[in-house]
Amino acid sequence: MATIIFYILAMTALAATGMCITRRNPVHAVIYLVNSLFAVALIFYLLGAPLVAAWEVIIYAGAVMVLFLFIIMMLELAPTEQPQGAGWRRWAPVLLFSLIILGCTVALMAVDPDAAEGVPTYYASPRIFGYTLFQEYALAVQIVSFQLLYAAVGAYYVGRTPRRRQEAG
Amino acid sequence: MSAADLAALAPILILALGSAAVLLTGAWWPRCAPLLWGGAAIALAAAFTAALYSPPTLEIAGFFRSDGYGRFFTVLWSAVAALTLMTSLRYAEERHFEGGEYAALILFGAAGMALLSASVSFVGLFLGLEAFTLVLYILIAFHREDPLGAEAGLKYLVMGAVATGFLAFGIALLYTASGTFRIAEAMTALGAGAEMRPVAMAGMAMFLTAVGFKVSLVPFHLWTPDVYQGAPAPVAGLLSTGSKGAVFAALVTMWGGLEVGRDLLEPLLWALSAITMLVGTFCALRQENLKRLLAYSSVVHMGYVLIGLLAGGADGNGAVVFYLVAYTVVNLGAFGIIASFSREGGEPQNFEDFRGLGYRHPLRCGTMAVFLFSLAGVPPTAGFIGKFGIFYAAVGSGYILLALLGVLASLVSLYYYLRVIIVMFMSDIAAFPLHRGTFSEKAAVGLCLLATLWLGVLPGALLDLITRIL
């Protein structure tokens with residue numbers, strides 16, 4: 001059962017990613033990417049990593065993709081002209097992927113609610129994960145924090161209007 | 001993280017916390033020159049700490065080594081950061097850079113380079129590499145009013161992001177095959193009898209792609225000339241020295257003679273090295289812009305270093321480390337001179353700008369000539385000893401053809417380096433007088449010149465030191 005669901009989800013993720021990188025409309029691309037991320041999240045769940053699955057949904061599909069959408073809206077990158085062809089050809093793949101993912105989720109919940117068929121030895125509870133992250137990898141967390149600080153500084157610096165120009169204008 | 005780990009991290013802590021301090025100071029007290037001097041002082045403090053303080057542990061949290069090797073490169077990259085800040089003083093002020101951000105970024109970049117050079121785990125390697133790559137994305141585009149700089153920054157960002165993707169995939173596959181992030185143990189998955197060898201090989205191929213991008217090996221070199229041309233001269237100096245040298249320093253730890261998987265990696269590295277030297281040399285021949293010329297020259301030099309890495313053993317690894325030091329000193333000096341000539345309107349880059357400049361600015365043009373001779377490998381400069389060591393190790397390990405190619409590339413390189421010298425000294429004065437240079441710029445370039453000649457005449461001390469830390 002788990003194997004069949006894995007292959008279905010893997011195919012869905014691949015197909016959705018393929019659609020994502022071939023779309024001209026960035027908003028459509030983001031929607032396909034969200035589909036792909038959901039499929040990958042379910043695969044993580046199957047592998048006995050529910051924590052990572054939850055993050056995949058919350059951080060990637062949630063926060064990052066919403067930021068993408070915000071930026072697309074702010075910069076007005078979405079095309080304004082009406083697309084050619086029938087409407088259903090645009091939304092049918094999304095609907096299909098979403099239904100597959102929904103179906104797999106329901107199947108998992110009905111058959112294997114604890115993800116017990118996954119690999120229990122690798123099951124990482126939030127507590128164990130936290131210990132590993134903040135003890136064994138504490139230094140890595142610190143370095144990444146510094147990187148994020150400088151990424152923010154850099155984005156702010158490059159994006160800001162220079163002081164001189166502000167005074168002149 | 002124990003107290004011993006923290007003590008061993010002291011130089012890195014000085015760099016990272018110092019960069020944060022400079023950043024905060026700059027927010028309330030936006031004076032460019034004092035902040036840059038402060039940054040240079042912090043970098044020097046880190047260098048002295050790493051040189052003089054011998055930490056109680058040899059490894060930090062299983063990620064980085066804090067033995068002689070790691071400390072050696074911490075000293076080197078901290079010094080590079082200090083010299084870069086010194087050559088940036090006037091450059092940054094005239095272009096109205098924010099001193100706090102600029103100095104902080106360079107200091108954190110040096111911390112990243114030091115971490116990468118000392119990494120013994122793929123986690124450490126990835127973090128170190130990303131730390132300074134991220135900093136360079138911003139530094140390259142730091143001059144916001146320069147469209148070339150913005151273009152260069154974007155090019156480096158897009159290609160760098162792809163390379164980072166390759167690096168992460170490669171590390172993931174190597175981890176899949178070996179079950180460990182520790183480089184020495186992960187490499188055993190490449191061995192002939194290893195269970196998941198194809199997976200490990202795919203991982204190594206992706207890893208090599210990312211490395212090839214970072215040190216601009218052909219065919220991953222295409223970004224190099226454009227980015228060098230667009231980046232501010234001091235940043236280009238940092239980009240061509242620290243960002244490449246640190247990667248090679250990590251590779252020396254990683255391969256250490258290529259005991260496992262040699263049968264598959266050897267032909268690949270051989271071909272990469274040969275094609276890098278050939279393509280780099282031919283592209284350099286046609287350049288009319290000094291920064292682009294130095295970019296292609298750095299491509300060729302990375303080909304030489306790869307020969308040393310391939311030769312391996314004590315000879316090869318020692319030659320690689322010596323070459324990295326020699327190359328760093330020389331390139332930093334050359335870009336420092338370009339920065340010292342720069343005026344508010346821009347930097348002199350095209351050969352036209354240098355026509356007959358040797359008569360107006362004989363000292364700095366003479367110094368530039370010494371640096372170019374060192375890059376070409378003419379005695380008595382550091383470049384000669386470096387190349388001698390590399391080719392000696394190559395012949396000793398049986399890479400005669402590769403050594404021959406290297407020597408030929410060096411011979412041809414004399415042509416394009418001499419062209420710059422001819423333009424500077426043997427044509428009528430046509431160039432406009434450029435900036436007279438300030439004390440800090442001249443001091444930084446002078447230090448590089450001194451090191452170039454010292455390493456060329458009396459390389460014994462450094463060679464002994466390298467033998468001890470390897």
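The sequence lines fix the lettering, A, B, ..., with proteins before strands; numbering per chain opens at 1. Keep in mind that this is a model prediction, so the values were computed, not measured. These numbers come from the heavy atoms of this one structure, side chains and all, not from hydrogens, waters or symmetry mates.
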[X], part contacting chain A, at a heavy-atom distance under 4.5 Å:
X: B:Leu9; answer: side chain
X: B:Ala150; answer: neither
X: B:Ala111; answer: neither
X: B:Phe64; answer: side chain
X: B:Phe181; answer: side chain

Discussion item. Using the salt bridge (Lys or Arg N to Asp or Glu O under 4.0 Å) criterion, which residues pair with A:Glu136? Sequence neighbours excluded.
Written reply: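 For A:Glu136 there are no salt bridge (Lys or Arg N to Asp or Glu O under 4.0 Å) partners, ignoring immediate neighbours.
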Worksheet item: Applying a criterion of heavy atom separation less than 4.5 Å, what residues of residues 140-147 of chain A form contacts with chain B?
Response: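 Under the 4.5 Å heavy-atom cut-off, A:Ala140, A:Ile143, A:Val144, A:Phe146, A:Gln147 qualify.
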If you count heavy atoms of other groups shown closer than 6.0 angstrom to [atom1] of [X], is the number above 12?
X: A:Tyr60; atom1: OH; value: no
X: A:Ile4; atom1: CD1; value: no
X: B:Phe166; atom1: CZ; value: no

Discussion item. Taking side-chain contact (heavy atoms from CB on, under 4.5 Å) as the definition, give me every residue that meets it alongside A:Ile59, ordered by chain and number, with sequence neighbours left out.
Written reply: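 Scan of A:Ile59 (side-chain contact (heavy atoms from CB on, under 4.5 Å), adjacent residues dropped) gives A:Trp55, A:Val64.
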Item to complete: For residues A:Leu139 and B:Ala61, report the shortest heavy-atom separation together with the two atoms involved.
Response: CD2-CB, 4.3 Å
Worksheet item: Which atom names give the shortest non-hydrogen contact between A:Tyr150 and B:Ala20, and what distance separates them?
Response: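 Nearest heavy atoms, A:Tyr150 then B:Ala20: OH-N, 3.5 Å.
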Worksheet entry | Sidechain-backbone polar pair: B:Arg144 side chain, A:Tyr157 backbone, donor-acceptor under 3.5 Å | yes
Fill in: Under 4.5 Å from any heavy atom of chain B - which part of A:Tyr156
neither
Worksheet item: Are side-chain heavy atoms of A:Val153 and B:Ile138 found at a separation under 4.5 Å?
Response: no
Discussion item. Counting heavy-atom pairs closer than 4.5 Å to chain A, which one of B:Leu127, B:Leu23, B:Leu105, B:Ile12 comes out on top?
Written reply: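 Greatest number of close heavy-atom pairs with chain A: B:Leu127.
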Worksheet, complete the sentence: Against chain A, residues from residues 114-125 of chain B with at least one heavy atom under 4.5 Å, in numeric order, are B:Leu115, B:Val123
